[in-house]
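See structure below.
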There are 2 protein chains.
Amino acid sequence: MARLAGVSQATVSLVLADKKNGATISEETRRKVLDAARSLGYVPDPAARRLAAARNNLLGVFSFTATFPTDVEHSYYPFLVGIEKEAAAHGYDLVLFTGSSTGGAGPAGPEALSRVRLADGCLFLGRHAPADDLARLVADGFPAVHLGRRDEPEGLPWVGADYVSASRDVVRHLAELGHRRVLLVREDDEAPASSDRERGFREGLREAGLPQDEAVFRSAAPEVDVTAERLLGWVAEGVTALVVEETDTAGAWRSVLGAAELAALDMPGALSLALLGSPPADLADRPVPTGFDIPRPELGAAAVRLLASLVAGEEGGEPLVGCVLRPGATAGPPPSAAGPGTASPPPASGRGAGPT
Amino acid sequence: MARLAGVSQATVSLVLADKKNGATISEETRRKVLDAARSLGYVPDPAARRLAAARNNLLGVFSFTATFPTDVEHSYYPFLVGIEKEAAAHGYDLVLFTGSSTGGAGPAGPEALSRVRLADGCLFLGRHAPADDLARLVADGFPAVHLGRRDEPEGLPWVGADYVSASRDVVRHLAELGHRRVLLVREDDEAPASSDRERGFREGLREAGLPQDEAVFRSAAPEVDVTAERLLGWVAEGVTALVVEETDTAGAWRSVLGAAELAALDMPGALSLALLGSPPADLADRPVPTGFDIPRPELGAAAVRLLASLVAGEEGGEPLVGCVLRPGATAGPPPSAAGPGTASPPPASGRGAGPT
DNA sequence: TTGTAAGCGTTATCAT
DNA sequence: ATGATAACGCTTACAA
């Protein structure tokens, strides 16, 4: 220890810690200690440091699938970008629990989840987390945050994208373009992400004074069956814009895109399309869909922020992160509109169509 | 501590450590401890564990740039894939030290690097690591492994791709296709990665009994100036294949590709091209270059393997990981060859041209 | 077979 | 302003 080298003892701790509170170190000893430390190449042992401080400045990241799958597409990369940055900003290092991906060693049982306790708190990615194990963590007061909206283990804090507002904004955008008949195509799935989008969609309609009856088309979940006939039927009924739900498989979007192609519909011309999310990577060559982007890095950062505040014993803040509208190229004025950008005032309803 | 919950005390340590030597725990206490631990969700504190001179089953990963930069292209992702898998296989969790990216907390001084001592060992990514800080770690006997060949802090173990063999194989491949005049285009840079490639290139020539004089063209580093005229000149001199070095910027490759285009050379027909590495992402739409791929996940895995053996107190093994030849589409038989695949026996030298 | 006790290197709380 | 000294939670002889 540098105590021997220098002239003092645990005073070293004080000078090296650079405490902000009581400025209680004489310049002389300070120098002595610093010099001794430098000449000895002394570095405080982080393990001892953390042991004494009762916290280890470690934030866990637990994913139930491999954190780094071979297929980059499915990875948590965009979240990790924000997570790493925010963690660094708060002075935390990250523990990546090679959780369920236990390729050969440790047991993948419930034990695995317990390991996260070695960190000061933990972030959970992906929806495969066993609710009861998480409940246990929460009940024990262990700081945990789920990345993505989650109702299941009651009391589990989470951060998620604000699909409601984002979906509302998309509808507002369409209304401003002049659309009066807008239809939502969604999969028949009761996931919160789905319901939130529908809620936002309906809010958007209401706000713009548009009719809400028959405004939603639900299709069987796995294969969405929007046929060309159905599409043409809608157009015949006066629908000028389709708002499509986004899911992992993008089933609805693919289906609609395929049908539009089959029906040989001029895309922004005869029918406007909007996607409630981002298009899948394999459709990257298609025109950029009008819709919104989930700010994944920002979501990751928000999760870390929340987790850090929980670790610090504070209450968590706003769990919702705003999405950003993507104008895109698949939506334009409706066919009947006088000209581009000329949004005619709403014929029905007494409420205005403009932004409220 | 679980001691209170169960009936014993530091015996907990013994049963949780699963010591291999003297089987000295009665099945009964063992169960008691295990049960108590499970019901309490008890996890040994890594810091305390490490402090007590044991190990905490944590492996560090330290990169001097962000591990997850916004731009996926520049990330260590492919390495992480292998690192995560191998770490899991060895029963290690990963601690991501949010390196120099210290966006707000501690300074980037030596202190930053010493945090890694919390783990049993650490992997270093990227060449921005301050050599002296690393030297300190090594001198202290801390298990550290650098991902990528590194000479700087002497004694720092590393794993890297075997560019020598890979480059040799590329030349062999060309020779087997029938090429007798092969030219290496490299940047004027003394990086080990460059010299290794040249060495392998020369080995390949020798093995195939091809002339080594004037077989290497060196160009200024930043902007590689391979002009169309120069290219045509080489072809006129009888050069039928170009082997191009790979660097971060792919300057040489871009230059050669551009010149070949300008000169309107039929690519595999009039001149064969090979790249000593992988093409940059923005050239993904071009024909796949003949050359080799660096098995990044395997490299990451090898690094973890080496690190794990160092942690276990063993000597490290083979630091070189083989690359895999990529046949590609930019190399074919030379114009003069009788037909595809008909490699004529070497006219010069007494040594065979086939695989040795 | 299991309990006791001595550290491991820091930090934090008191006295000086 | 600084020197003792008691934790911090664990491992590991060593004793019982």
Side-chain angles (χ1 to χ4, degrees), chain A residues 1-37 40-58 91 114-115 117-120 140 142 311, chain B residues 1-37 40-58 106 110-111 114-120 136-137 140-142 311-313:
Chain A
M1 209 338 198
R3 330 199 171 194
L4 307 182
V7 267
S8 26
Q9 49 297 155
T11 311
V12 172
S13 201
L14 287 181
V15 19
L16 288 192
D18 232 8
K19 297 302 288 182
K20 46 206 65 188
N21 49 27
T24 46
I25 286 105
S26 89
E27 196 48 44
E28 189 186 341
T29 22
R30 184 185 170 71
R31 289 201 46 74
K32 277 201 290 198
V33 172
L34 251 23
D35 286 352
L40 290 213
Y42 167 82
V43 206
D45 182 328
R49 209 163 196 174
R50 289 165 187 199
L51 178 56
R55 63 190 309 232
N56 46 31
N57 278 298
L58 253 29
S114 208
R115 302 213 52 191
R117 291 175 190 260
L118 103 205
D120 290 336
D140 287 357
F142 180 81
V311 168
Chain B
M1 213 334 200
R3 332 197 173 200
L4 306 183
V7 266
S8 27
Q9 37 216 278
T11 311
V12 171
S13 205
L14 288 181
V15 17
L16 289 192
D18 231 7
K19 299 302 287 183
K20 44 207 67 184
N21 48 26
T24 47
I25 285 106
S26 91
E27 195 49 41
E28 189 186 340
T29 20
R30 182 185 172 71
R31 288 200 48 73
K32 277 201 292 202
V33 172
L34 252 22
D35 285 353
L40 289 209
Y42 167 81
V43 174
D45 181 318
R49 237 178 145 122
R50 180 136 181 86
L51 181 56
R55 37 192 309 209
N56 53 18
N57 271 36
L58 254 29
E111 147 125 19
S114 91
R115 278 183 310 160
V116 306
R117 292 170 190 265
L118 177 66
D120 289 343
R136 188 70 216 296
L137 249 25
D140 287 357
F142 181 81
V311 168

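In what follows, chains are A, B, ... by sequence order, proteins preceding strands, each numbered from 1. Atom set for the values below is all heavy atoms of this structure, side chains included, hydrogens, waters and symmetry mates excluded.
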Which nucleotide sits closest to the side chain of A:Pro44: D:dC10, C:dT10, C:dT2? C:dT10
A:Lys32 has an atom NZ; how far is it from atom C1' of D:dT2, in whole Å? 11 Å
Would you indicate which nucleotide in D:dC8, D:dG9, C:dG3 comes nearest to any side-chain atom of B:Asp45? D:dG9
Counting heavy atoms from C-beta on, name the nucleotide in C:dT10, D:dT12, D:dT2 closest to the side chain of A:Tyr42. C:dT10
Side-chain atoms of B:Leu14 come closest, of C:dT10, D:dC8, D:dT12, to D:dT12
What is the distance from CG of A:Asn57 to P of D:dC8, rounded to the nearest Å? 19 Å
Taking the side chain of B:Ser26 as heavy atoms from C-beta outward, which of D:dT2, C:dT2, D:dC10 is closest to it? C:dT2
Calculate the interatomic distance between A:Leu16 atom CG and C:dA12 atom P; express it in whole Å. 13 Å
Nucleotide of C:dT2, C:dG9, D:dC10 approaching B:Leu51 most closely (side-chain heavy atoms): C:dG9
Please answer whether the main-chain N or O of A:Ala47 pairs with a side-chain N or O of A:Asp45 as donor and acceptor at a distance below 3.5 Å. yes
Do side-chain atoms of A:Arg117 reach the backbone of B:Gly41 as a donor and acceptor pair under 3.5 angstrom? yes
Among the candidates D:dT12, D:dG3, C:dT2, find the nucleotide nearest to the side-chain atoms of A:Thr11. D:dG3
Starting at atom CG of A:Asn56, determine the distance to atom C1' of D:dC10, rounded to an integer number of angstrom. 14 Å
Under 4.0 angstrom, heavy atoms only, what part of the nucleic acid is A:Ala53 near: base, sugar-phosphate, or nothing? nothing
I want to check one thing: is the phosphate of C:dT2, taken as OP1 and OP2, less than 4.0 Å away from some side-chain N or O of B:Thr29? yes
Look up atom CG in B:Leu118 and atom CG in B:Asn56, then write down how far apart they are to the nearest 0.5 Å. 6.0 Å
To the side chain of A:Ala52, which of D:dT11, D:dC10, D:dC8 is closest? D:dC8
Calculate the interatomic distance between A:Arg49 atom CZ and D:dG9 atom P; express it in whole Å. 18 Å
Measure from CG on B:Leu58 to C1' on D:dC10 and round the result to the nearest Å. 15 Å
State which residues pass salt bridge (charged side-chain N to carboxylate O under 4.0 Å, His left out) with B:Arg50; sequence neighbours excluded, sorted by chain then number. B:Asp120
I need the CZ-P distance between B:Arg115 and C:dG9, as an integer number of Å. 21 Å
In chain order, what residues pass the side chain to side chain donor-acceptor pair (under 3.5 Å) check against A:Arg30, with sequence neighbours excluded? none
Could you tell me how far apart B:Arg50 (CZ) and C:dT10 (P) are, to the nearest whole angstrom? 13 Å
Which comes earlier along DNA chain C counting from the 5' end, the contact point of A:Ala48 or that of B:Glu27, where each point is its nearest nucleotide? B:Glu27
